Amino acid sequence: MKERTVAPTRLAITLVAVLLTAACAIGGAPLVVIGQNVPAPPPLPAGVSTYAAPTASPGAAAPQGCDPVASYRPPAAMPAPGTMPFNSTMAHIYARGKLIVGVDENTYLFGYLNASDGQVEGFDIDIASAVATAIFGSAAGHLQLKVIGNDQRIPDLKNNSVDLVADTMTENCARWQQIDFSTEYYAATQRVLVDKDTTYQSLADLGGKKVCAQSGSTSIATVARASSHPVPIAAPGITDCLILLQEGEVDAISTDDAILAGLAAQDPQTHIVGPALEAEPYGIGVSQGNQDLVRFVNGVLDQLRADGGWAALYTKWPGRLGGTAPPPPAAVYRD
């Protein structure tokens, strides 16, 4: 791969310019954000091919008969805000006074830090806001965002550090063995991002080449399994992958097309190539001990599908990169 000459501040300038175009936080209400920005990784040391060992479990074969997008049916009648069923998970969240949601702050248009006001916002954040509004009547003052890495998503749900994870999280059967998911709320597919000045057209062209994805993601496992035998490079965050691509440390990035579109918007010298590699259905992660909350979240998603709220969120966020809103993913239930 031809290495680009990149000024040290080029990515920072690009990110700031993009983030300054973002809308204000939901309803103008301040959001509480816990966590720190993930620092960019250092240059790859000689002989080292990965920053973190690729996680195999997200890409493990699904148990026979499993449908990863099938979730639990919502209640026949959703409770009104402030009237959560006695002793339900939602009632305990209401008594606490806040819904705690694990999110990303580095995925443009889904969960990212707006440099103009220091707020985390995007499609996933607005989905979380809709759930908080359904519990409290308003998200203002009741939505707490905890910025987490991919590797933290399942552990934080299992130890109840967060109530939900809304973080471009792919539903698959291996993950269903550890946590529960809502119905699919966004349909993505895994593809490849490369520099426009290369001849790479797909993952098949990248045999022996370094391909970056986030550690703890389904994407890094897909890269590792590719028959063309690329070298998987696992970085802490997807913007770290973009830095590595710009500096010539990797040859490509492979992750969900929704995320790659945001990277391409930040760096016009890149483009998305090749066919879809894997379906990446996004679901809201929930602890397995809180099935009533799964059903409640599914009721919120059903309402967003029915009243045009989902289409409005698509237009507000990923739709700003062009195109009209597709139909929302249909709900599939296992009961």
Side-chain angles (χ1 to χ4, degrees), residues 54-62 66-71 102-104 106-112 122-124 127 148-151 153-154 157 164-194 202-203 211-226 230 232 234-235 237-239 241-242 252-265 272-286 301 310 313-314 317-319 321 323 325-332:
T55 303
S57 58
C66 170
D67 182 350
V69 299
S71 186
V103 299
D104 189 20
N106 294 302
T107 303
Y108 181 50
L109 300 178
F110 281 82
Y112 71 108
F123 190 92
D124 285 344
I127 293 288
I148 58 178
N150 277 10
D151 291 337
R153 296 182 299 190
I154 290 176
L157 284 171
L164 307 173
V165 167
D167 181 8
T168 60
M169 191 175 187
T170 299
E171 301 180 276
N172 65 31
C173 294
R175 286 175 172 168
W176 266 102
Q177 294 176 7
Q178 301 181 73
I179 62 171
D180 286 345
F181 282 101
S182 71
T183 54
E184 181 182 6
Y185 71 91
Y186 192 93
T189 59
Q190 184 174 346
R191 294 183 67 191
V192 175
L193 183 83
V194 297
S202 70
L203 196 59
V211 180
C212 190
Q214 279 184 275
S215 58
S217 68
T218 56
S219 300
I220 193 67
T222 300
V223 172
R225 292 195 308 267
I238 201 62
T239 51
C241 286
L242 183 59
I253 302 169
S254 185
T255 189
D256 309 347
D257 54 359
I259 299 171
L260 293 179
L263 296 183
I272 300 172
V273 298
L277 302 172
E278 297 280 350
E280 303 289 350
Y282 294 166
I284 304 298
V286 188
L301 293 176
W310 187 94
L313 292 184
Y314 184 95
W317 298 112
L321 297 180
V332 179

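Please read all numbers here as calculations on a predicted model, not as lab measurements.
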Identify the two heavy atoms, one from [X] and one from [Y], that lie closest to each other, and give their separation to 0.1 Å.
X	Y	value
S217	N150	CB-ND2, 3.6 Å
P68	C173	CD-SG, 3.9 Å
C241	A213	SG-N, 3.5 Å
L321	Y108	CD2-CE2, 4.3 Å

[Y] and [X], any side-chain heavy atoms less than 4.5 Å apart:
X	Y	answer
F110	W317	no
Q190	V223	yes
L277	V192	yes
V103	D124	no
I148	V165	yes
F181	P281	no
P327	Y314	no

Please check if the side chain of D167 supplies one atom and the backbone of M169 the other of a donor-acceptor pair under 3.5 Å.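 It does not hold such a pair.
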Check for a donor-acceptor pair, side chain of D180 on one end and backbone N or O of V286 on the other, with a separation under 3.5 Å.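 Judged by distance alone, no pair lies under 3.5 Å.
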Measuring from atom [atom1] of [X] to atom [atom2] of [Y], what distance do you get when rounded to the nearest 0.5 angstrom?
X	Y	atom1	atom2	value
I127	L313	CD1	CG	5.5 Å
T183	E171	OG1	CD	7.5 Å
L109	I259	CG	CD1	11.0 Å
I220	S254	CD1	OG	8.5 Å
T255	I272	OG1	CD1	10.5 Å
L263	L242	CG	CG	5.5 Å

One pair to check against side chain to side chain contact (heavy atoms under 4.5 Å, CB included): T170 and R175. What are the steps and the verdict? CA-CA 9 Å; T170 299; R175 286 175 172 168; 3.7 Å; yes
Just checking, is any N or O donor in the side chain of S219 or Q214 under 3.5 Å from an acceptor N or O on the other one?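 Checked: S219/Q214 side chains show no N/O donor-acceptor pair below 3.5 Å.
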Polar contact flag, side-chain donor to acceptor under 3.5 angstrom, E280-T218: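 Per modelled atom types, E280 and T218 side chains form a pair under 3.5 Å.
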Parallel, tilted or perpendicular: which describes the rings of W310 and F123, with under 30° parallel and over 60° perpendicular?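 It falls in the perpendicular class, over 60°.
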Going by the side-chain contact (heavy atoms from CB on, under 4.5 Å) test, name the single residue among L260, V194, L203, L193 that passes it with V273.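 Of the listed residues L260, V194, L203, L193, the side-chain contact (heavy atoms from CB on, under 4.5 Å) partner of V273 is V194.
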Go through the steps for Y282 and D256 under the test side chain to side chain donor-acceptor pair (under 3.5 Å), then give the verdict. CA-CA 10 Å; Y282 294 166; D256 309 347; 2.5 Å; yes
